[in-house]
Protein chains: 2
Amino acid sequence: MTQATVTKARTFTHLVSKEGGVKYPLEALNVCEETFSPLEVAYDYDAIRAQVSRETIEAGPNSIWRYKAFLPVESENPIDVGTGMTPLVKSNRLARRLGLKNLYIKNDAVNMPTLSFKDRVVSVALTRAKELGFSTVSCASTGNLANSTAAIAARAGLDCCVFIPSDLEAGKVLGTLIYNPTLMAVKGNYDQVNRLCSEVANTYGWGFVNINLRAYYSEGSKTLGYEVAEQLGWKLPDHVVAPLASGSLFTKIYKGFREFAKVGLVDDKNVRFSGAQAEGCSPISQAFKEGRDFISPVKPNTIAKSIAIGNPADGVYALDVARKTQGNIEDVTDAEIIEGMKLLAETEGIFTETAGGTTIAVLKKLVEAGKINPDETTVVYITGNGLKTQEAVQGYVGEPLLIDPKLDSFERALERSRTLERLEWQQTIV
Amino acid sequence: MTQATVTKARTFTHLVSKEGGVKYPLEALNVCEETFSPLEVAYDYDAIRAQVSRETIEAGPNSIWRYKAFLPVESENPIDVGTGMTPLVKSNRLARRLGLKNLYIKNDAVNMPTLSFKDRVVSVALTRAKELGFSTVSCASTGNLANSTAAIAARAGLDCCVFIPSDLEAGKVLGTLIYNPTLMAVKGNYDQVNRLCSEVANTYGWGFVNINLRAYYSEGSKTLGYEVAEQLGWKLPDHVVAPLASGSLFTKIYKGFREFAKVGLVDDKNVRFSGAQAEGCSPISQAFKEGRDFISPVKPNTIAKSIAIGNPADGVYALDVARKTQGNIEDVTDAEIIEGMKLLAETEGIFTETAGGTTIAVLKKLVEAGKINPDETTVVYITGNGLKTQEAVQGYVGEPLLIDPKLDSFERALERSRTLERLEWQQTIV
């Protein structure tokens, strides 16, 4: 992938605390010292409006960098590894199965280079890390972020130290080690890993993409909003369903839609935001259902490890987005998650990880509860690839039919399988 | 992904035998009954020249279907799952390690939807299968083809029966089962699976993508040539290095370059074609080195299962291409294959499967032997994703450092790893 070259004046102006609006310079800062609320990047939207149009964006690189004016990087040559512009799939077969009419899958299971939406935030964070002079980058990760940070750091020639919970799926561990970073497997859950990393960030001069670089990093998720709007023909959808881990992705897709409306790239409208969690780690869903405006941390226990964050940093902001857009937040069991993975694969040929299974299962649950109108243009965000969480479905997808390399052996096996199918089919209609 | 809509007159005219030029109608036919040589699709290149230009192609869909005029399908809406237009990565860090100046990686490890180049040939084959009226599609596969056929058949709503050797990597088996096809695991190697499938193809009215649909299917690989030429700014490279399994990919990239020159989309030139095999299955490499113009079949024994074809259907044609373009064919050991996978990951952040490791290891071997000129614009084809062959590198990529969620535990581990690195570094310079 040749690097994107977009020469424009800087459009981001400062950091500001999410509460109280305290201003900070554009450095590697985490939280507001006065309000203790997270910091966010502020932009000059007049400058953006003057720089971009649908035409300039369409003429840009086929990656997240076509939206560079909306992202907090100054480099004329940001790290471009082809991240973004993943397919928005019109999902007619899944839609029929669920009784929907206008369903789309935003498929980041094939995002580049490491097959999850994390490549978006890491491309932004590591570009900013280089601008701020960091030579070592790091992260606290449930797996996908570890893969992405290690891969893109390797490509960019940055030193890399990654922290993960020690019980991660084999594919996510190997999919990090292969890039040869320093990999720390912490005996504990993600929230303990995260606390340790905050200490390390304060002691070492490292750029932690989701701690001291988090304000820049999280902006990368806005591109999941921009791309959907552009791929729908410069229109906002009626309803989106996305997974909730820290809550950041959810709130940034919302921010992306708001920004596109603000600068006049799309007509403004209310997009309903519905969030998906696993029952075994559903602090945001619980707060939503109980009408609370605060999150009670939980101890995660689910196969959906990539979204198993018991103390979500942006949980309250995700709650707020769901409520003010008339969306919903639901959670599903591990069994429903596996069914969701299989349903998406069988109908659309997309093999997603447990987080995607969670989102599909919640979609199904919301449709059955009448909380998604069949006519709504609904976009479901699939954020990671099933090859990384093979343990989750191993044993739930049947077995191959073992045969000899002979025609009669094949024919006997085929007859057996067809008889089986007939029986299953008869059972379903009984 | 919205479907490609390119309305043009049909540009493919008939099937023709590779030897003797015997003509056949555009049906599901495998070999020439007179010469027993494979059948190939013939085109009306004047019609193509009249239809396409650099501009019309650039204005086409961001998938292989931008080259529809060069592909053997009639449908105005071919099956478009975003396949193709994968990144051509300028690989500066790997180039420096090898002493090259103009190295590019064509990265089909992130091809959509199933992360290998097979999505190209299957998109073409299943589109043609529907045109020819097949309701059940099938294939003989070493894994990647199984994944792709099952996934795209699911998306297209076609019945699917897939045949694989029973000893495949877990990721490739699960990555097929998830789409819920009928999966036959044959006790034998690929060549035995292939023979069985030829019998089944003659007995059942199924569309076998790589048997009775092979003439159409194999044309999909030409897009790996077209894309590289377009991504290089409508220029042909000086040298390509690609893996050799059946030999089809290799010869079709060559055909793609020839066709682009023939219709005037690029200036004509000799592109050197070098092929990569695993020592444990190197019938084409052996024939090349021994100056033979025939292939002696071998019994495969290598970790590079996806290219382990002991009796390659297009082996002699691949030999011919390598020789007439002043290329080379080399093979490497399983240990070199693993080193190749690690080298690509550490330098470019690309996690490829064993076939890609084979190609990188052969690239290294050819450079060290002076068979690739450092100034040549060299394109290496990476055809599959490492998450599917995790067994191959498991145990060769080190282990995570297991720590407690405490700063001092982290610091002790970091010190240990740094001491280790210093020792390794001292050993390398001793």
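All chains are named by letter (A, B, ...) in the order of the sequence lines, taking the proteins before the strands, and each is independently numbered beginning at 1.
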*Euclidean distance, B:Met85 CE relative to A:Asn62 CG, rounded to 0.5 Å*: 7.5 Å
*Non-hydrogen atoms of A:Gln390 and B:Gln390 that approach each other most closely*: NE2-NE2, 3.4 Å
_Quick check for you: among B:Ala151, B:Gly398, B:Ser91, B:Pro405, which has the greatest number of heavy-atom pairs under 4.5 Å with chain A?_
B:Pro405
*Roughly how far apart are B:Cys161 SG and A:Leu401 CG, rounded to 0.5 Å?*
8.0 Å
_Portion of B:Tyr396 that has a non-hydrogen atom of chain A nearer than 4.5 angstrom_ = neither
*Under a 4.5 Å heavy-atom cut-off, does chain A meet the side chain of B:Lys406, its backbone, both or neither?*
backbone
_Under 4.5 Å from any heavy atom of chain A, what part of B:Glu399 do you find: side chain, backbone, both or neither?_
backbone
*Is chain A contacted by the side chain of B:Thr203, its backbone, both, or neither, given a heavy-atom distance below 4.5 Å?*
side chain
*Most chain A-contacting option - heavy-atom pairs closer than 4.5 Å, from B:Gln192, B:Glu346, B:Lys388*: B:Glu346
*With chain B, which of A:Gly386, A:Ala156, A:Pro400 has the greatest number of heavy-atom pairs at distances under 4.5 Å?*
A:Pro400
_Please report the interatomic distance SG(A:Cys197) to CG(B:Leu407), rounded to the nearest 0.5 Å._
10.5 Å
*Report the residues that fulfil side chain to side chain contact (heavy atoms under 4.5 Å, CB included) with B:Asn385, sequence neighbours left out, ordered by chain and then residue number.*
A:Leu115, B:Ala109, B:Leu115, B:Leu387
*Restricting to pairs with a member in residues 176-205 of chain B, which pass salt bridge (charged side-chain N to carboxylate O under 4.0 Å, His left out), not counting sequence neighbours?*
A:Asp404-B:Lys187
*Hey, which of A:Gly157, A:Ser166, A:Pro113 has the most heavy atom pairs under 4.5 Å with chain B?*
A:Gly157
*Heavy-atom pair count under 4.5 Å with chain A, highest-scoring of B:Ile350, B:Val186, B:Val193*: B:Val186
*Among residues 408-416 of chain B, which residues come closer than 4.5 Å to chain A, judged by heavy atom distances?*
B:Phe410, B:Glu411, B:Ala413, B:Leu414
_Minimum side-chain heavy-atom gap B:Leu196-A:Ile403 below 4.5 Å_ = yes
*asked:* Side chains of A:Val81 and B:Glu348, heavy atoms from C-beta outward: is any pair under 4.5 Å?
replied: no
*Would you check if B:Met112 and A:Asn107 make a side-chain contact, meaning some heavy-atom pair closer than 4.5 Å?*
no
Would you be so kind as to tabulate the donor-acceptor pairs closer than 3.5 Å made by side chains of residues 168-185 of chain B, with sequence neighbours excluded?
residue	atom	partner	partner atom	Å
B:Lys172	NZ	B:Glu353	OE1	2.6
B:Thr176	OG1	B:Asn147	ND2	2.8
B:Thr176	OG1	B:Lys172	O	2.8

*For chain A, the option from B:Pro165, B:Ala154, B:Gly188 that forms the most heavy-atom pairs under 4.5 Å*: B:Ala154
*Side chain / backbone / both / neither for B:Ile152 at chain A, heavy atoms under 4.5 Å*: neither
